[in-house]
Amino acid sequence: MKEIRIGNTVEQCVERADYPPDRVKQILKDETVAVLGYGVQGRGQSLNMRDNGVKVIVGQRKGGKAYDLCLEDGWKPGVTLFDPEEAAAKGTIIQYLLSDAGQKDMWPKIKLHLTKGKALYFSHGFSIVFSDQTGVVPPNDIDVILCAPKGSGTTVRRLFLEGRGINSSFAIHQDATGRARERCLALGIAIGSGYLFETTFQKEVVSDLTGERGVLMGAIYGLWLAQYEVLREHGHSPSEAFNETVEEATQSLYPLIAEKGMDWMYANCSTTAQRGALDWFKAFRDASKPVFEKLYQSVASGEETKRVLDANSRPDYRQQLEKELKEIAESEMWQAGAQVRALRPERQ
């Protein structure tokens with residue numbers, strides 16, 4: 001256990017060294033972990049647990065790309081691969097890793113198999129926190145826990161294979177057995193976490209939804225697009241606009257921030273770049289902070305949850321999503337990006 005002190009705030013973080021392989025196996029030796037859903041998180045987490053010696057089964061309907069991927073990854077029908085309901089019946093820990101809309105739809109069938117002493121595991125607080133919209137209310141005699149990797153399931157798996165680990169949060173919503181925390185932390189390490197910090201289901205979902213819509217995906221793309229369009233409108237070429245907007249950020253500057261922080265990145269840029277960044281960052285903060293506050297309130301009120309559930313429940317959702325993603329892929333900015341990425345030295 002490591003103590004992190006920032007100002008007057010003290011946090012206790014659980015490190016991988018606190019839960020070595022033998023301890024994880026001892027805690028989970030009598031458990032069968034049923035992973036429901038084989039999307040990016042379900043796949044990454046289940047494969048990592050399997051490689052860590054945990055008894056894992058997967059619940060995925062036959063037919064479709066996800067089921068075919070299960071077979072490619074070595075899950076055996078009738079042995080380690082079952083329909084979701086059968087997997088839930090067999091599992092002592094149910095990892096509920098369907099999409100948020102999928103969790104709502106599947107819940108009436110899954111809750112029948114949540115018998116006394118089992119654990120229900122989430123990687124997102126969405127269904128529990130907004131149970132008034134999802135209907136997901138677990139029985140009182142089971143553990144309800146959360147491990148939320150701070151990255152996609154693809155990254156969870158990649159870092160695990162590289163011998164590293166992803167940062168994850170964890171939370172205990174309900175401890176019916178007295179072992180909820182131990183189960184949760186053992187699973188957190190087994191899925192590939194390097195360290196875990198404690199939160200609540202409420203804080204996890206609000207911070208996660210805010211971050212996804214904000215600097216992680218929505219805001220950063222909006223900023224990139226605005227700068228790209230301004231450069232193009234003033235006569236800069238697509239290649240120049242993309243390189244100055246995205247390529248330099250992702251390939252040069254962001255890795256420096258990840259390595260040692262923003263101040264170190266500034267110190268390793270030209271004095272002209274330093275001066276410009278220091279002069280302009282407050283203007284961008286002041287312009288965007290009201291938008292972030294509006295976003296936060298939309299998330300906290302449940303408005304964003306309602307929008308997600310409504311959109312994902314439409315029969316044409318998949319077709320509309322593919323249309324929106326196609327528009328991005330075919331935009332000039334990302335056509336330029338494809339050309340620039342193909343010219344990176346490692347591709348030659």
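Just so it is clear, the structure is predicted and the values come from calculations on it, not from any experiment.
Residues that satisfy the salt bridge (charged side-chain N to carboxylate O under 4.0 Å, His left out) test with Arg275, not counting sequence neighbours, are Asp279. Partners of Arg232 by salt bridge (charged side-chain N to carboxylate O under 4.0 Å, His left out), not counting sequence neighbours, listed by chain and number: Glu332. Legend: residues meeting side chain to side chain donor-acceptor pair (under 3.5 Å) with Glu244, ordered by chain and number and at least two apart, are absent. With sequence neighbours excluded, no residue forms a salt bridge (charged side-chain N to carboxylate O under 4.0 Å, His left out) with Arg318. Residues satisfying the side chain to side chain donor-acceptor pair (under 3.5 Å) test with Glu248, not counting sequence neighbours, are none. With sequence neighbours excluded, the residues that form a ring-ring contact (aromatic ring centres under 6.0 Å, His included) with His124 are Phe126. With sequence neighbours left out, Asp132 forms a side chain to side chain donor-acceptor pair (under 3.5 Å) with no residue at all. Here Glu247 pairs with Arg344 under the side chain to side chain donor-acceptor pair (under 3.5 Å) rule; sequence neighbours left out.
The aromatic rings of Phe201 and His173 sit tilted, their planes meeting at an angle between 30° and 60°. In this structure, Trp334 and Tyr221 have tilted ring planes: the angle between them lies in the 30° to 60° band.
Contacts classified as salt bridge (Lys or Arg N to Asp or Glu O under 4.0 Å) and involving residues 75-100 (residues at least two apart or in different chains) are given here: Arg61-Glu85. Among residues at least two apart or in separate chains, salt bridge (Lys or Arg N to Asp or Glu O under 4.0 Å) pairs with a member in residues 153-168 are Asp51-Arg157, Glu162-Arg164.
Side-chain N/O atoms of Ser298 and Glu304 include a donor and acceptor closer than 3.5 Å. Defined by atom type and a distance below 3.5 Å, a donor-acceptor pair is present between the side-chain atoms of Ser123 and Gln45. If you check the side chains of Gln227 and Thr245, you find a donor sitting under 3.5 Å from an acceptor.
Cluster annotation: Val33 is connected to Ile191 through the hydrophobic network of ILVMFWY side chains, with a link wherever side-chain heavy atoms come within less than 4.5 Å. Cluster annotation: Val54 and Ile189 are assigned to the same hydrophobic cluster (Ile/Leu/Val/Met/Phe/Trp/Tyr, side-chain heavy-atom contacts under 4.5 Å, transitive).
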Do any side-chain atoms of residues 91-99 form donor-acceptor pairs under 3.5 angstrom with protein atoms, and if so which ones, sequence neighbours left out?
unit_1 : atom_1 : unit_2 : atom_2 : d
Thr92  : OG1    : Glu31  : OE1    : 2.5
Thr92  : OG1    : Thr32  : N      : 2.9
Thr92  : OG1    : Thr32  : O      : 3.3
Tyr96  : OH     : Gln103 : O      : 2.8
Tyr96  : OH     : Trp107 : N      : 3.2
Ser99  : OG     : Gly102 : N      : 2.9

Residues 283-295, side-chain donor-acceptor partners within the protein, below 3.5 Å, at least two apart:
unit_1 : atom_1 : unit_2 : atom_2 : d
Ser288 : OG     : Phe284 : O      : 2.7
Ser288 : OG     : Arg285 : O      : 3.4
Glu293 : OE2    : Gln297 : NE2    : 2.8

